[in-house]
Amino acid sequence: MHFRADNGRGAAAQTGSDESHNGAEANGMNADQKAPAEAAAAGAPAEPEEYFEAAVRGSVDELLDAGAHSDLDAMRHSAAHVMAESVLGIFPDAKLGIGPSIEDGFYYDFLLPRPLTPDDLAAIEAGMHASVKADHPFVRKEFEFADGRAFFAGRGQDFKVEILDDIAVRSKESGEALPPTSTFEHGTFVDLCKGPHVASTGKIGPFKLMTVAGAYWRGSEKRPMLQRIYGTVWPTQQELDAYIARREEAKKRDHRKLGVQLDLFSFHDVSPGSAFWHPKGQRLWRTLESAIREVQDRRGYQEVSTPMLVHKKLWEQSGHWANYQDNMFVLESEGQTFSLKPMNCPESTIIYKSRLRSYRDLPLRLSEFGRLHRNERSGTLSGLTRVRHFVQDDAHIYLRPDQLQEEIKALLGEVYEVYGWFGLDPKFTFGTRPDKALGDPALWETAETQIKAALDSLGKPYRIKPKDGAFYAPKIDIQIEDALGREWQTATIQVDLVMLPERFDCTYIDENGQAVRPMTIHRAIYGSLERFIGVLVEHFAGAFPVWCAPTQAVVIPIADRHIDGARELEALLKSHKLRVEVDGSDARMQNKIRLAQEQKIPYMLVLGDREIEARTVAVRHRSGEQENGVGWDAFAQRMAEETAARRP
RNA sequence: GCCGACAUAGCUCAGCGGUAGAGCAGCUGUUUCGUAAACAGCAGGUCCUCGGUUCAAAUCCGAGUGUCGGCUCCA
């Protein structure tokens, strides 16, 4: 199974206790990821899945991998060649970067004399259509290495020459002979490429160029920025249309758009990267917060709260000052240097160390809704998913090594419990010891074994990403797929062997009266509340389940004489702690319903003469479904139960 | 941070050198209505900010800020 490493559209999730993680957007690994779930459903044993190891960014391997691992990929990669042909037709001096197949399409990078315009894209598309119509065969040719290099040098294709030179260096290092240079040509266009391709340009299906974007050569900020043209291509017109439709649907679900429409939150240039939460958004927030708080109370957490403004010396001790300073908001007061906290963990240890801890106290679970600031670079900000200010449902668990496996099992159970409220199916990725790890390798091994045992006990497949752990801790990252099949990173569970225990010299007194080192776990279930809400908005397209909808029901009096009754019903529902409003405007009932539908309010409770008389209500569901003559008390009861059950 | 695009009323957008427009929302009045828009009137703008070109700038140019699409980053 092939996992594309990263198509480069990752957006960081600010989830981890100590890290930000990538949450792939639309083009993750969706199709592939359905496989394990299906396998499990079919009763297959839950074998951990080896994760595809990504080629190092900008490496020769990556540059040479055209991404053509299937027939569809081959067609997409072929479309990239045809696009490059067309671009060369318009800009003969264009220098070609690379042009692989990617999820849903392809791209090609070019160094061009001027920025591309939408008109250019149309012209390039026209050239592509001509090439497809001409049905040029794709022909593979091999040259002696030196001849191949001379060929591309002669054409001024400096980037291709650089790739070949890197191959030469690698061959020399490994003592192997220089490989032949493989090219593919169609018509007059020749590209350094190992293929595979479709038989001829005529075999390329319906396509569309989507957008132009900047992209560094070999992914390095220090190298020139090329212009990348993204395109999409499909076997049939229907599939192309479906893809475009899917994108349209995704746009409609965009949390930034729905956030304005539903009056949940807004962003303003006076505080870029920080959301302003409107009353309705704040209601949603509070509902989520109190739900997880209830879980934490039940599962033995103790909530703490620590300062946002922290002296530099704490960050020096934790290592953030050396490693994370660029991402911290630093300020001076009376000659002292402080920073807004980007993470909660160092402060958690201060509470841990505020008194002597006994082995009987462990596991000690300190939770905190930490309000964090991270100075993300301006170009990386994006809606609620990449922000500078966010709140994490964070916790740090101090435990004895023998408690590790049970604790991780409990945490995985916690993830299932919480994600079940939203109908989300969490996927686990186990990141193991990286090359640059701190701490005793034996300790790592123990921890990894325990984590693996906990994961295996789930009886569900999970992914292993070798060497993807934090430098101080193996970790389990949790991804969820939203309703459109897009994958997001949200929760994280990190077993910290080094940073908190060692750097902060945490200890507890064991049975023998000895001070020994505890292990610690950093965990966040929602991750960043901001990001989680952004994902929820898109997952539900704004139509939140009854239990967490900002407004659960709106009472709609048909005429003014029904308003008193509406207020009465409102009061009854509010006495059950339900979030209810009355639409007392003088608009017609039809208009009130329309507005409620637009706000995606789960229940519209219509009151007219008949209902007031019988103390019943006509219940219109958001779906359009209709129930007439429902008694007030019965309905209040039902809604209260539905809310308490947190059904998705 | 880098490349490109965009920024006009609360929202969605039109206008693209010659005194700023529409729909929705808002306000006022009329209407009191049975499952996705009653009718009429009124009001609403440093056309993101600063600077420049011009007789004249929302419109052209430059810088800044923000947003969007990517890249990079995400100890």
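Note on naming: letters A, B, ... go to the chains in the order of the sequence lines (proteins, then strands), and numbering restarts at 1 for each one. Since we're looking at a predicted model, the values are computed, not measured.
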### Query
Between B:rG66 and B:rC33, how far is it from one C1' atom to the other, in whole Å?
46 Å

### Query
Looking only at side chains, do A:Glu568 and A:Trp632 share a donor and an acceptor under 3.5 Å apart?
no

### Query
Mind checking the C1' distance from B:rG4 to B:rU35? Whole angstroms is fine.
48 Å

### Message
Does the protein touch nucleotides 28-35 of chain B at the base, only the backbone, or not at all? Give it as B, S and - per nucleotide, heavy atoms under 4.0 Å.
### Response
--BBBBBB

### Query
Is A:Lys252 paired with A:Glu248 through a side-chain N to carboxylate O contact shorter than 4.0 Å?
no

### Query
Do A:Ile229 and A:Phe110 have side chains that get closer than 4.5 Å, going by heavy atoms?
yes

### Task
Please tell me which of A:Gln597 and A:Asp254 maps to the more 5' nucleotide of RNA chain B, matching each residue to the nucleotide holding its nearest heavy atom.
A:Gln597

### Query
Using a cut-off of 4.0 Å on non-hydrogen atoms, how would the nucleic acid contact of A:Asn323 be classed: base, sugar-phosphate, or nothing?
base

### Query
How is A:Leu381 classified with respect to the nucleic acid when contacts are heavy atoms under 4.0 Å: base, sugar-phosphate, or nothing?
sugar-phosphate

### Task
Measure from NZ on A:Lys252 to P on B:rU12 and round the result to the nearest Å.
17 Å

#### Entry: Atom pair distance, as rounded to whole Å: NZ in A:Lys257 and P in B:rU67
18 Å

### Message
Pairing donors with acceptors under 3.5 angstrom, does anything connect the side chains of A:Thr429 and A:Gln479?
### Response
yes

### Task
Would you mind classifying the nucleic acid contact of A:Gly383 as base, sugar-phosphate or nothing, using non-hydrogen atoms under 4.0 angstrom?
sugar-phosphate

### Task
For nucleotides B:rC27 and B:rG44, find the distance between their C1' atoms and express it as a whole number of Å.
10 Å

### Task
Kindly indicate whether the side chain of A:Phe207, heavy atoms from C-beta on, has any atom under 4.5 Å from the side chain of A:Glu125.
yes

### Message
Nearest whole Å is fine: how far is B:rC73 C1' from A:Arg386 CZ?
### Response
7 Å

### Task
Could you measure between the two C1' atoms, the one in B:rC2 and the one in B:rA57, and give it in whole Å?
31 Å

#### Entry: A:Asn591 CG - B:rC24 P separation (whole Å)
12 Å

### Query
When the distance from CE of A:Met225 to C1' of B:rG69 is rounded to whole Å, what number comes out?
13 Å

### Task
Identify, between A:Gly219 and A:Arg503, the residue whose nearest nucleotide on RNA chain B lies closer to the 5' end.
A:Gly219

### Message
With rounding to the closest Å, how many angstrom separate the C1' atoms on B:rG52 and B:rA56?
### Response
15 Å

### Query
Using a distance-only test with no angle check, is there a side-chain donor-acceptor pair under 3.5 angstrom linking A:Gln626 and A:Asn628?
yes

### Task
Find the distance A:Arg256:CZ to B:rG66:P and express it as a whole number of Å.
16 Å

### Query
Using Watson-Crick and G-U wobble pairs whose two distances are both under 3.5 Å, how do you write the pairing of RNA chain B as dot-bracket, with | for links to another strand?
(((((((..((((....[..)))).(((((.......))))).....(((((..]....))))))))))))....

### Message
Taking any heavy-atom pair under 4.0 Å as a contact, classify A:Thr380: base, sugar-phosphate, or nothing.
### Response
base

### Task
Send over the distance from A:Met343 CE to B:rC74 P, rounded to a whole Å.
11 Å

### Message
Under 6.0 Å from the ring centre and within 45 degrees of the ring axis: does the NZ or CZ of A:Arg223 meet both conditions for the six-membered ring of A:Tyr216?
### Response
no

#### Entry: Span that lies between the C1' atom of B:rU8 and that of B:rA22, in whole angstrom
13 Å

### Message
Using atom C1' in both nucleotides, what's the gap between B:rG62 and B:rA25 to the nearest angstrom?
### Response
37 Å

### Salt bridge flag under 4.0 Å for residues A:Glu627 and A:Arg638
yes

### Message
With rounding to the closest Å, how many angstrom separate the P atoms on B:rC50 and B:rU65?
### Response
15 Å

### Message
Do A:Arg218 and A:Glu162 make a side-chain contact, defined as non-hydrogen atoms from C-beta onward lying under 4.5 Å apart?
### Response
yes

### Query
Rounded to whole angstroms, how far apart are CD1 on A:Ile556 and P on B:rA37?
12 Å

### Message
Under a 3.5 Å cutoff, is there a donor and acceptor pairing between the side chains of A:Arg620 and A:Gln597?
### Response
yes

